[in-house]
Amino acid sequence: MAHRLGVLDGDGIGPEIVPAAAQVLDAALAAAGAEPVEWVPLPVGAAAIETHGSALPDVTVETLDKLDGWLLGPHDSASYPAEHRARLNPSGFLRKHFDLFANIRPARAFEGTPALVPGLDLVVMRENTEGFYADRSTYKGTGEFMPTKDVAIAMGIFTRPAIERIARQACELALRRSRHLTIVHKANVLRTTTGFFLEICREVAADYPQLHVDDFHIDAMTVHLVRHGADFDVLVTENMFGDILSDLTGELAGSLGIAPSINASHDRAMAQAAHGSAPDIAGRGLANPTAMIASGAMLLDWLGATEAANLVNQALRKTIAGGVRTSDLGGTASTSGFAEAVIGALA
């Protein structure tokens, strides 16, 4: 089935890595004999502020509502004018607006790269709509407020329905992998909130007797990942913990430049690399497009184009193992040169 997918370049290195990813996905679909994607370019980020007066114009959100999914490049919201920084950033708004509750972030070391944890191959399953990220945990407003000029408060929200659905997604994923689920929490201190998260995850996991289930406090988990990260498979955790852990696991695998992700609900998904916009190298052809390409492959797989997704992942591994790498992985390839090599590996 042909799909209409949005393509939102974003800021910084986004206009380099997002088109590179789209080109690789097009080539993979053709190699798999699948229907081509119809790409729908949409304004977002600093460029959209210039042309539409908003980092995320209404026309973008309205169009995305009619699409099957999209590629979202990184945004540099910290550099936006003050009135735009005060709003939800584009990524946070889209996750909240479309209820993209599952942020799925794999971390896998590539052969021949300087991984800090060789053999690392795990997935962080991050609850994406509430928890300790107050910018998306309330129906209206941000969940942050100041009752006086000297006091700032942020609410952490944990609800049974949200925890149950992310826990079930994590269990289903673990069943397809190595059948090992790890719940990450801080129930020894945050007993009512993350203790609730732990309790409900255990309840859901009881429906999956095939799984080995364990749990760790968030602080201990960081140590275990550094020391023996290859022993883990699927980690499920709340929003902020998942954000922090997935950055850690991406770097342990070799570089944030290879860390992909998708944000998914039951009926749509957004592919988004886990890294930021890297404005210091923007426009220089130095950015590693691997994470964006691999995020696109995750989107293809989510859409059912599994053969094309597998071809992308195989071509990425073949390219990197063959010595074609960007500078963050110790190579000399440019952004476009790396993408061309991946397309060549597809053939």
Side-chain angles (χ1 to χ4, degrees), residues 1-10 13-45 60 63-64 66-75 91 94 98 100 103-106 108 110 123 257-265 267-275 285 287-322 324-326 333-347:
M1 180 184 296
H3 292 284
R4 298 180 70 235
L5 301 178
V7 56
L8 296 80
D9 286 349
I13 60 174
E16 299 167 78
I17 63 172
V18 173
Q23 291 165 10
V24 172
L25 299 188
D26 283 339
L29 288 166
E35 290 287 337
V37 162
E38 177 189 345
W39 296 108
V40 182
L42 293 167
V44 72
T60 296
T63 304
L64 291 177
K66 303 170 186 174
L67 303 179
D68 302 305
W70 57 90
L71 305 181
L72 176 66
H75 53 73
S91 172
L94 292 173
F98 289 107
L100 304 177
N103 186 200
I104 307 166
R105 292 188 165 185
R108 185 179 181 187
F110 282 85
V123 179
I258 63 173
S261 78
I262 63 168
N263 304 269
S265 66
D267 61 359
R268 72 189 70 227
M270 173 173 77
Q272 179 186 27
H275 59 69
N288 186 348
T290 298
M292 196 70 238
I293 294 169
S295 299
M298 293 178 72
L299 177 59
L300 291 184
D301 186 50
W302 186 88
L303 291 167
T306 302
E307 182 180 354
N310 289 340
L311 288 176
V312 172
N313 289 321
Q314 291 165 12
L316 281 171
R317 306 198 76 76
K318 180 178 179 181
T319 300
I320 293 173
V324 180
R325 303 166 193 162
T326 48
S334 66
T335 306
S336 59
F338 180 85
E340 290 167 4
V342 175
I343 292 171
L346 285 167

(Q) Would you compute the distance between atom CG of L5 and atom CG of L42 and round it to the nearest 0.5 angstrom? (A) 11.0 Å

Q) Under 3.5 Å, side chain of S295 to main-chain N/O of I262, donor-acceptor pair present? A) no

**Q.** Rounded distance [0.5 Å steps], NE2 in H275 versus CE in M292
**A.** 8.0 Å

Q.
On the six-membered ring of F110, is R317 placed so that its NZ or CZ lies under 6.0 angstrom from the centre and within 45° of the ring axis?
A. yes

Q) Is T319 reaching over with its side chain to a backbone N or O of V324, donor-acceptor style, under 3.5 angstrom? A) no

Q) Which heavy atom of V24 sits nearest a heavy atom of A339, and at what distance? A) CG2-O, 4.0 Å

**Q.** Nearest atoms (heavy-atom pairs only) where A321 meets R325
**A.** O-NH2, 4.1 Å

Q: Using side-chain contact (heavy atoms from CB on, under 4.5 Å) as the criterion, list what pairs up with A32, not counting sequence neighbours.
A: E307, A308, L311

Q) Looking only at heavy atoms, which two atoms of I13 and P74 are closest? And how far apart? A) CG1-CG, 4.2 Å

Q. Taking all non-hydrogen atoms of both residues, which atom of H75 and which atom of S91 are closest, and how far apart?
A. NE2-CB, 3.3 Å

Q. Taking only residues two or more places apart in sequence, or in another chain, which ones meet F98 in a ring-ring contact (aromatic ring centres under 6.0 Å, His included)?
A. W70

Q: Kindly compute the distance separating OG1 (T290) from CG (L316), expressed to the nearest 0.5 Å.
A: 5.5 Å

Q: Quick one: pull up CG in L8 and CG in L94 and give me the separation to the nearest 0.5 Å.
A: 7.5 Å

Q: Dump the intermediate steps for side chain to side chain contact (heavy atoms under 4.5 Å, CB included) on D9 and V44, then the final yes or no.
A: CA-CA 7 Å; D9 286 349; V44 72; 5.8 Å; no

**Q.** Atom of G296, atom of A271 and distance for their closest heavy-atom approach
**A.** N-CB, 4.1 Å

Q.
Distance check, rounded to the nearest 0.5 Å: L299 atom CG versus L25 atom CG?
A. 7.5 Å

Q: Evaluate the side-chain proximity of T326 to P289: yes if any heavy-atom separation is below 4.5 Å, no if none is.
A: yes

Q.
Using every non-hydrogen atom in the two residues, find where R4 and L67 come nearest and quote the distance to one decimal.
A. NH1-CD2, 3.3 Å

Q) Say you draw a straight line from CZ of R105 to CD of Q272; how long is it, rounded to the nearest 0.5 Å? A) 7.0 Å

Q. Donor-acceptor pair, T335 side chain versus I17 backbone, under 3.5 Å?
A. no

